[in-house]
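Take a look at the structure set out below.
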Amino acid sequence: MTSDLHHRARPSRPRVRAGLAVLALAALSGCATVPSGGPVVEGAGGDTGATASDGRYVRQLPPGPQPGITPEGLVRGFLKGMGSFEENHGAAREYLAARPSAEWNPNGPVLVYEDADELTIDRLTGDEGDTARVRLLSTRMATIDGSGQYLPADGELIDVTFDLVRNDDGEWRISNPPDQLILSRSDVDLAYRPLNLYFFNRDRSTLVPDPVFLPVSSDRSAPRLVKMLVDGPTSWLRPAVESAFPDGANADVAYDSGTVTVEIDTPADGAEERFGMGAQLVWTLRQLPEVEELILRVGGEEIEIPGEEGENLLTGGGDWESVNPSGVTGNLRAYFVRDGQMWALESDALDSLPQEARVQGAAGLGDVPLERHAVSLDEDQVAGISAEDDAVVVAGTGQDSEYATVLSGGEYTALSWDGYGNLWVAEDVSEGAASDEEDEEQAVEEDTERGDPPASPSPSGAESGDPGTRLWMLRGGTDPVEVSAPELADVVVTQLRMSRDGTRAAVISEDGRGGAPELAVGRVVHSRGGVQLGDALPLATELDEVSDVSWRGGDQLVVLGRDGRGADQGYLVSLDGSTETTSAGAPPGTDMVAVTAAPGLPLLSSVEDDHIWMTNDRITWQRVIDGTNPVYPG
């Protein structure tokens with residue numbers, strides 16, 4: 001029996017010029033190897049296979065406490081021992097008194113500090129008797145919560161007091177260990193691996209990566225990763241995504257010689273749920289190179305995973321590409337401006353220079369000067385901010401198209417299309433509350449939906465001279481709805497990029513008080529009460545300045561910024577919050593002014609002398625064409 005699982009309108013998927021086959025899933029008995037297909041999305045999951053099974057995992061076996069160790073030295077050794085997960089933190093337990101050693105269960109949030117140099121460890125009492133007390137102080141830079149998410153902290157303190165007692169040999173041991181691990185950033189790098197769990201966006205057209213940190217030990221990682229997946233998304237991403245696994249489902253997972261067997265105790269509600277579970281498992285497990293085959297049983301029924309003979313999680317292809325977490329199927333073109341006209345770039349191979357073609361319709365004519373522009377993911381619409389910054393216009397890419405004004409009367413600073421075909425626009429309302437007369441002059445499309453928030457009021461709390469941003473979402477590029485975005489109420493947004501799956505937004509903002517621009521990613525939640533953007537997580541905090549951002553994949557950004565040592569250059573930024581930001585270089589002999597990226601495609605940059613450069617390897621940049629403001633769809 002076959003079922004067409006995706007026979008519906010899907011505006012979130014870009015047009016595939018070569019065509020796209022309809023997906024069908026056979027729900028039959030038996031087992032098969034699992035194809036995944038397509039390029040792995042680079043980013044947080046790029047180094048996820050460093051487990052014992054592939055020979056790259058290095059066991060951490062710190063030495064235990066030495067005879068005569070001081071109370072301070074004992075606490076330092078205990079902290080170092082926490083970084084080893086071998087034998088259930090056996091190394092750290094050697095620093096504990098007998099009863100706490102047997103009972104210690106560090107299952108609270110992991111507290112992360114920068115390095116040992118940032119620790120203050122002071123003895124609060126003398127060590128002449130049988131007890132002592134030691135206090136640990138440090139700045140907390142992050143927390144790894146119970147779901148595995150790495151959450152940056154904002155200057156909170158780690159303040160822990162250790163009680164020590166002497167054992168039968170007269171050696172100091174800790175009697176009150178904390179209920180959470182306390183690790184340095186370098187210990188986190190050694191003890192954890194960044195991986196992605198995969199869940200669906202709200203129309204189930206695209207998988208969304210949910211970065212988590214999985215403890216690495218000689219134990220198999222696959223069963224632990226599957227259980228995390230079935231348990232559901234991290235608390236941060238949960239409101240923005242869906243899972244095909246039923247609420248409350250339990251997974252029995254076994255791993256043997258490259259095969260993962262997953263048994264879900266709850267029956268699936270139809271073919272679409274069975275496909276969804278398979279897709280989530282495939283994209284999650286393919287990060288582990290030791291996994292070659294998946295056997296899935298749901299509610300006692302064995303589900304056949306479609307694939308060709310000889311294919312496995314790492315080498316296969318096919319059905320799973322329809323929900324590729326990159327948010328893209330097919331080849332996207334890049335767009336740029338020259339002499340006010342919009343042009344498209346297209347290349348059949350990464351090692352060939354792209355060819356240019358002028359866009360049809362209003363965008364290609366260049367009669368309406370645009371300050372900024374964005375192209376929808378299906379490449380059927382172009383949106384732009386007029387050169388005077390007081391209107392947002394949209395036109396089709398057909399031959400006789402014309403621009404239509406969809407927002408006007410404001411000062412607009414950034415725009416981007418999401419994966420659902422909606423246009424997002426940031427409006428600068430830094431001058432505070434508008435007068436009633438100005439409100440009436442705010443021209444918004446008359447067909448704004450009944451019940452949408454009013455178009456004109458400034459963000460609550462905005463006063464004359466204070467910075468502030470109002471955020472709009474225009475359904476289909478025409479129907480404006482004001483987005484609830486309280487975290488933008490006292491900043492000015494200079495750049496906005498929606499993820500191609502529609503669940504997150506990358507925002508660069510300024511505080512209006514001379515502070516450096518900051519980059520953050522917020523989640524997008526659609527509900528009956530409206531649309532919200534919030535709970536922003538800061539990224540690229542090690543850079544002194546950021547000026548542009550683009551989504552390279554579902555879990556990685558490229559930003560234009562500087563780290564205090566010279567001119568702006570490109571950087572790759574992982575959404576996991578911990579992986580070190582890496583340089584993508586810069587064109588030689590000129591200053592970068594913008595950068596754009598897309599999954600599996602070259603990075604593009606415009607420079608100050610109105611030329612566009614590209615790189616495929618993030619090392620060698622080459623000049624490709626004259627123009628400005630390159631963008632990939634989105």
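Index from 1, following the sequence.
Within the 4.5 Å cutoff, no side-chain heavy atoms of Val188 are placed close to those of Leu190. The closest side-chain heavy-atom distance from Leu557 to Arg552 is not below 4.5 Å. Looking at heavy atoms from C-beta onward, Leu539 lies in side-chain contact with Leu575 at the 4.5 angstrom threshold. With contacts defined as side-chain heavy-atom distances shorter than 4.5 Å, the pair Arg497/Val631 qualifies. You'll find the side chain of Pro239 reaches within 4.5 Å of the side chain of Arg523, heavy atoms only. Under the 4.5 Å side-chain criterion, counting only non-hydrogen atoms from C-beta, Leu214 is in contact with Arg224. Side-chain contact check for Val481 versus Leu474: every heavy-atom pair is 4.5 Å or farther apart.
Judged purely by atom type and a 3.5 angstrom limit, Arg93 uses its side chain to pair as donor or acceptor with the backbone of Ser101. Between the Tyr255 side chain and the Glu290 main chain, a donor and an acceptor come within less than 3.5 Å of each other. At least one donor-acceptor pair closer than 3.5 Å links the side chain of His89 to the backbone N or O of Ser84. A donor-acceptor distance shorter than 3.5 angstrom exists from the side chain of Gln280 to the backbone of Ala244, with no hydrogens or angles considered. The backbone N or O of Ala251 lies less than 3.5 Å from a partner atom in the side chain of Lys227, making a donor-acceptor pair. Checking side-chain atoms of Thr469 against main-chain N and O of Val491 turns up a donor-acceptor pair under 3.5 Å. No donor-acceptor distance shorter than 3.5 angstrom exists from the side chain of Asn324 to the backbone of Gly327, with no hydrogens or angles considered. Looking at Trp417, its side chain never comes within 3.5 Å of a backbone N or O of Pro633 through a donor-acceptor pair. Asn422 places a side-chain N or O within 3.5 Å of a backbone atom of Gly476 that can act as its donor or acceptor partner. Judged by distance alone, with hydrogens and angles left aside, the side-chain atoms of Ser416 form a donor-acceptor pair with the main-chain N or O of Met498 at under 3.5 Å.
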Dump the intermediate steps for side chain to side chain contact (heavy atoms under 4.5 Å, CB included) on Thr206 and Val323, then the final yes or no.
CA-CA 4 Å; Thr206 306; Val323 291; 5.8 Å; no
Apply side-chain hydrogen bond (donor to acceptor under 3.5 Å, both in side chains) to the pair Gln556 and Ser574, showing each step before the final yes or no.
CA-CA 5 Å; Gln556 189 183 67; Ser574 170; over 6 Å; no
Where do Asp210 and Val241 land on the side chain to side chain contact (heavy atoms under 4.5 Å, CB included) test, with the steps shown first?
CA-CA 10 Å; Asp210 192 4; Val241 295; over 6 Å; no
Step by step, would you call Asp418 with Trp424 a side-chain hydrogen bond (donor to acceptor under 3.5 Å, both in side chains)?
CA-CA 7 Å; Asp418 69 15; Trp424 291 65; 2.9 Å; yes
Checking side-chain hydrogen bond (donor to acceptor under 3.5 Å, both in side chains) for the pair Gln381/Ser376: CA distance, chi angles, key distance, verdict?
CA-CA 5 Å; Gln381 295 187 87; Ser376 62; 5.0 Å; no
Before giving the answer on side chain to side chain contact (heavy atoms under 4.5 Å, CB included), spell out for Leu181 and Leu111 the whole-Å C-alpha distance, their side-chain angles and the decisive distance to 0.1 Å.
CA-CA 6 Å; Leu181 299 179; Leu111 308 182; over 6 Å; no
Trp320/Phe275 under ring-ring contact (aromatic ring centres under 6.0 Å, His included): CA gap, chis, key distance, verdict
CA-CA 9 Å; Trp320 315 111; Phe275 170 81; 5.3 Å; yes
Would Phe245 and Phe199 count as a ring-ring contact (aromatic ring centres under 6.0 Å, His included) here? Give the steps.
CA-CA 10 Å; Phe245 294 96; Phe199 301 95; 8.2 Å; no
Pair Arg193-Gln287, side chain to side chain contact (heavy atoms under 4.5 Å, CB included): steps then yes or no:
CA-CA 11 Å; Arg193 288 293 177 266; Gln287 300 168 98; over 6 Å; no
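In this structure, Tyr192 OH and Phe213 CZ are separated by 10.0 Å, a value rounded to the nearest 0.5 Å. Summarising the geometry, atom CG belonging to Leu572 is positioned 5.0 Å from atom CZ belonging to Arg618; distances are rounded to the nearest 0.5 Å. Note that OG1 of Thr596 is 9.0 Å distant from CG of Leu603, once rounded to the nearest 0.5 Å. Rounding to the nearest 0.5 Å places CG of Leu296 at 10.0 Å from OG1 of Thr261. For the atom pair CD (Glu518) and CD1 (Ile508), the distance works out to 11.0 Å, reported to the nearest 0.5 Å. Rounded to the nearest 0.5 angstrom, Leu423 CG and Leu415 CG are separated by 5.5 Å.
Across Val524 and Ala505, no two heavy atoms sit closer than the pair CG2-N, 4.4 Å. Considering all non-hydrogen atoms of both residues, Leu197 and Gly232 come closest at CD1-O, 4.4 Å. Contact record, Asp555 with Asn196: OD2-ND2, 2.7 Å, taken as the closest heavy-atom pair. Contact detail for Gly502 and Tyr420: the closest heavy-atom pair is O-CE1, 3.6 Å. Nearest heavy-atom pair, Ala597 versus Ser550, reported as atom, atom and distance to 0.1 Å: N-OG, 3.0 Å. Heavy-atom minimum distance, Pro602 versus Tyr632: O-OH, 2.7 Å.
A salt bridge does not link Arg202 with Glu242: every distance from a Lys NZ or Arg NE/NH1/NH2 to an Asp or Glu carboxylate oxygen is 4.0 Å or more.
Side-chain contact of Gln532 with Ser484: a donor-acceptor pair under 3.5 Å is absent, judged by distance alone. Between the side chains of Ser578 and Asp576, no donor N or O sits under 3.5 Å from an acceptor N or O. With no hydrogens or angles considered, a side-chain donor-acceptor pair links Thr143 and Arg140 at under 3.5 Å. Asn201 and Thr503 share no donor-acceptor pair across their side chains, judged by distance under 3.5 Å alone. Under the 3.5 Å distance criterion, with hydrogens and angles disregarded, a donor-acceptor pair is assigned to the side chains of Asp187 and Ser184.
At least one cation-pi condition fails for Arg238 and Trp236: the charged atom is not both under 6.0 angstrom from the six-membered ring centre and inside a 45 degree cone around its axis.
Counting heavy atoms of neighbouring residues, nucleotides and ligands inside a 6.0 Å radius, atom CD of Glu103 exceeds 12 of them.
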